[in-house]
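I have placed the structure first, in the form of structure tokens, so that the comments after it can refer back to it.
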Amino acid sequence: MGLFGKFKKALNKTKESFLSKLDDLFKRSLGDDFFDELEELLISSDVSVKTSMEIVENLRDKVKEERLKDKDYVIEIFKEELTNMLLEASEIEIDTPAIIMLVGVNGVGKTTTIGKLANKFIKEGKSVTIAAADTFRAAAADQLSVWADRAKVRIIKHQEGGDPSAVVFDAIASAKAKETDILIIDTAGRLHVKANLMEELKKMDRIIKREYPEANLYKLMVLDATTGQNAFTQVEAFDKDIGIDGLVLTKLDGSAKGGFIISLSRELNAPVCFVGTGEKIDDIEDFDAEEFIEGLF
């Protein structure tokens with residue numbers, strides 16, 4: 001299955017909940033009721049109220065301005081509006097030497113994502129080291145070691161319960177010594193309301209900038225796509241404390257709430273960088289806004 005095929009398959013649940021209602025809606029005339037119901041449809045698909053209103057208002061203006069009646073053409077304009085919303089946040093290019101620090105709440109799939117990303121970068125011809133800086137969760141380093149073995153990459157780890165920042169310090173020293181292209185740092189899952197855990201992330205951030213200032217640092221937040229709009233408060237809190245450069249979505253194949261990506265990316269100015277499309281090590285893709293929107297139709 002090609003890249004677009006995997007991406008499209010992962011969007012099946014979102015598409016099923018969205019497209020059937022959209023088909024019914026576009027059977028009606030393009031009057032005020034149509035636009036009101038389109039707004040309700042977007043909101044029910046987990047696009048925020050604010051972004052839904054803007055999308056519909058932009059579409060309404062274009063339809064009236066150009067006196068459009070061809071519904072197929074209106075759908076194309078609608079797709080353009082959705083795509084443009086996703087593209088407002090600047091895309092990220094991973095330039096080496098790179099440090100990617102993955103953060104997020106418990107259970108979103110950070111460890112699995114790290115294994116997938118490591119495998120992806122290795123296949124692209126880059127050298128990769130993983131830092132097991134989640135020293136809080138029992139057997140976290142062991143679980144990460146399994147993924148490191150699968151991806152055939154080095155892993156730096158300390159004993160369980162150790163200082164996460166010490167792991168980061170040693171991993172940076174190793175990455176510099178071996179001229180590693182990409183260092184991926186695993187961090188403990190934490191609730192955004194736990195101040196002491198957020199301080200630990202800030203400490204790691206300071207160590208990275210002090211010990212390896214020439215590296216390109218990317219702080220990516222991993223989100224469970226089934227969370228939907230509830231992801232807003234998570235991202236806002238992490239962004240306030242450490243600054244989030246981009247998003248990684250997991251479990252998209254199990255979610256009917258994919259619409260939240262549009263408003264989340266736009267309103268928080270955080271681009272989606274990677275998307276998990278399944279459970280296997282190869283099931284991760286670079287996010288493509290146009291492919292995402294096409295997958296909904």
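We're numbering straight along the sequence, starting at 1.
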Practice problem: Would you please name every residue forming a side chain to side chain donor-acceptor pair (under 3.5 Å) with N84, sequence neighbours left out? | Solution: none
Quiz item: What are the two closest non-hydrogen atoms of M101 and L201, and how far apart are they?
Solution: CE-O, 4.4 Å
Exercise. For E57, enumerate each residue passing the side chain to side chain contact (heavy atoms under 4.5 Å, CB included) test, keeping only those at least two apart in sequence or located in another chain.
Key: R60, D61
Practice problem: Over all heavy atoms of both residues, which pair between T135 and P164 is shortest? Give the atoms and the distance, please. | Solution: OG1-CG, 3.4 Å
Quiz prompt | Nearest-0.5 Å distance that lies between atom CD1 in I182 and atom CD1 in I122 | solution = 8.5 Å
Quiz prompt | Test log, rule side-chain contact (heavy atoms from CB on, under 4.5 Å), inputs I242 and V103 | solution = CA-CA 10 Å; I242 64 166; V103 303; 4.0 Å; yes
Exercise. List for me each residue that meets side chain to side chain donor-acceptor pair (under 3.5 Å) alongside K240, sequence neighbours excluded, and say none if there are none.
Key: none
Self-check item: Distance in Å, E40 CD paired with D36 CG, rounded so as to fall on 0.5 Å steps
Solution: 7.0 Å
Self-check item: Atom of A231, atom of T227 and distance for their closest heavy-atom approach
Solution: N-CG2, 3.6 Å
Quiz prompt | With sequence neighbours excluded, residues passing side chain to side chain contact (heavy atoms under 4.5 Å, CB included) with Y212 | solution = P97, I99, I172, K176, E214, A215
Quiz item: If every non-hydrogen atom of K110 is compared with every non-hydrogen atom of D186, which pair is closest and at what distance?
Solution: CB-OD1, 4.1 Å
Quiz item: How about M204 and T187: do any of their side-chain heavy atoms sit closer than 4.5 Å?
Solution: yes
Quiz item: Quick one: does T250's side chain have a donor or acceptor within less than 3.5 Å of a partner on V108's backbone?
Solution: yes
Self-check item: Donor-acceptor contact present, side-chain S44 to main-chain L41, <3.5 Å
Solution: yes
Quiz item: Quick one: are the ring centres of F292 and F287 less than 6.0 Å apart?
Solution: yes
Quiz item: F34: what forms a ring-ring contact (aromatic ring centres under 6.0 Å, His included) with it, not counting sequence neighbours?
Solution: F26
Quiz item: Taking atom CG of L82 and atom CG of L42, what is their separation to the nearest 0.5 Å?
Solution: 6.5 Å
Practice problem: Compare every heavy atom of G246 with every heavy atom of C273, then report the nearest pair and how far apart it is. | Solution: SG-CA, 4.0 Å
Quiz prompt | Side-chain touch E211/F169, heavy atoms, less than 4.5 angstrom | solution = yes
Quiz item: So which pairs with a foot in residues 111-132 pass salt bridge (charged side-chain N to carboxylate O under 4.0 Å, His left out), sequence neighbours left out?
Solution: K120-E124, K120-D286, K123-D282, E124-K126
Exercise. Indicate yes or no: at least one non-hydrogen side-chain atom of I284 is less than 4.5 angstrom from one of L117.
Key: yes
Quiz item: Would you call D224 and K251 a salt bridge, taking side-chain N to carboxylate O under 4.0 Å as the test?
Solution: yes
Exercise. Starting from the C-alpha separation in whole Å, work towards a yes-or-no answer on side-chain contact (heavy atoms from CB on, under 4.5 Å) for L223 and Q234.
Key: CA-CA 9 Å; L223 295 172; Q234 294 177 19; 3.7 Å; yes
Practice problem: Please lay out, stage by stage, how I100 and I185 fare under the test side-chain contact (heavy atoms from CB on, under 4.5 Å). | Solution: CA-CA 6 Å; I100 300 174; I185 300 173; over 6 Å; no
Quiz item: Are side-chain heavy atoms of K202 and D241 found at a separation under 4.5 Å?
Solution: yes
Quiz item: Quick one: does K152's side chain get under 4.5 Å of N119's, heavy atoms only?
Solution: no
Quiz prompt | All side chain to side chain contact (heavy atoms under 4.5 Å, CB included) counterparts of D163, not counting sequence neighbours | solution = S165, A166, E200, K203
Self-check item: Cluster companions of V146 among Ile, Leu, Val, Met, Phe, Trp, Tyr (side-chain spacing under 4.5 Å)
Solution: none
Quiz item: Would I130 and R154 satisfy side-chain contact (heavy atoms from CB on, under 4.5 Å), going step by step from the backbone distance to the final call?
Solution: CA-CA 6 Å; I130 293 174; R154 294 189 311 117; over 6 Å; no
Exercise. Identify the two heavy atoms, one from S48 and one from F232, that lie closest to each other, and give their separation to 0.1 Å.
Key: CB-CZ, 4.5 Å
Quiz item: Looking at residues at least two apart in the chain, or sitting in another chain, which of them share a side chain to side chain contact (heavy atoms under 4.5 Å, CB included) with D142?
Solution: A139, K157
Quiz item: Mind checking what makes side chain to side chain donor-acceptor pair (under 3.5 Å) contact with S263, not counting sequence neighbours?
Solution: Q229
Self-check item: Spacing of K178 atom NZ and T129 atom OG1 [to the nearest 0.5 Å]
Solution: 8.0 Å
Quiz item: Side chain of D181, backbone of S127: donor and acceptor closer than 3.5 Å?
Solution: yes
Quiz item: Going hydrophobic residue to hydrophobic residue with side-chain gaps under 4.5 angstrom, can you get from I77 over to V63?
Solution: yes
Quiz prompt | Side-chain donor/acceptor of D283 to backbone N/O of E279, under 3.5 Å | solution = yes
Quiz prompt | Student check: side-chain heavy atoms of I114 and L102 closer than 4.5 Å | solution = yes
Quiz item: Within a strict 4.5 Å, meaning less than it, do heavy atoms of the L247 and L220 side chains meet?
Solution: no
Practice problem: Not counting sequence neighbours, list each pair that qualifies as a salt bridge (charged side-chain N to carboxylate O under 4.0 Å, His left out) and has a residue in residues 83-108. | Solution: E88-R266
Quiz item: About how many Å separate CG of L249 and OG1 of T113, when rounded to the nearest 0.5 Å?
Solution: 9.5 Å
Quiz item: Under a 4.5 Å cut-off applied to non-hydrogen side-chain atoms, are E290 and K79 in contact?
Solution: no
Quiz item: So how far is it from E81 CD to N58 CG, rounded to the nearest 0.5 Å?
Solution: 4.5 Å
Quiz prompt | Connected-component partners of W147 among ILVMFWY, side-chain separation under 4.5 Å | solution = I281
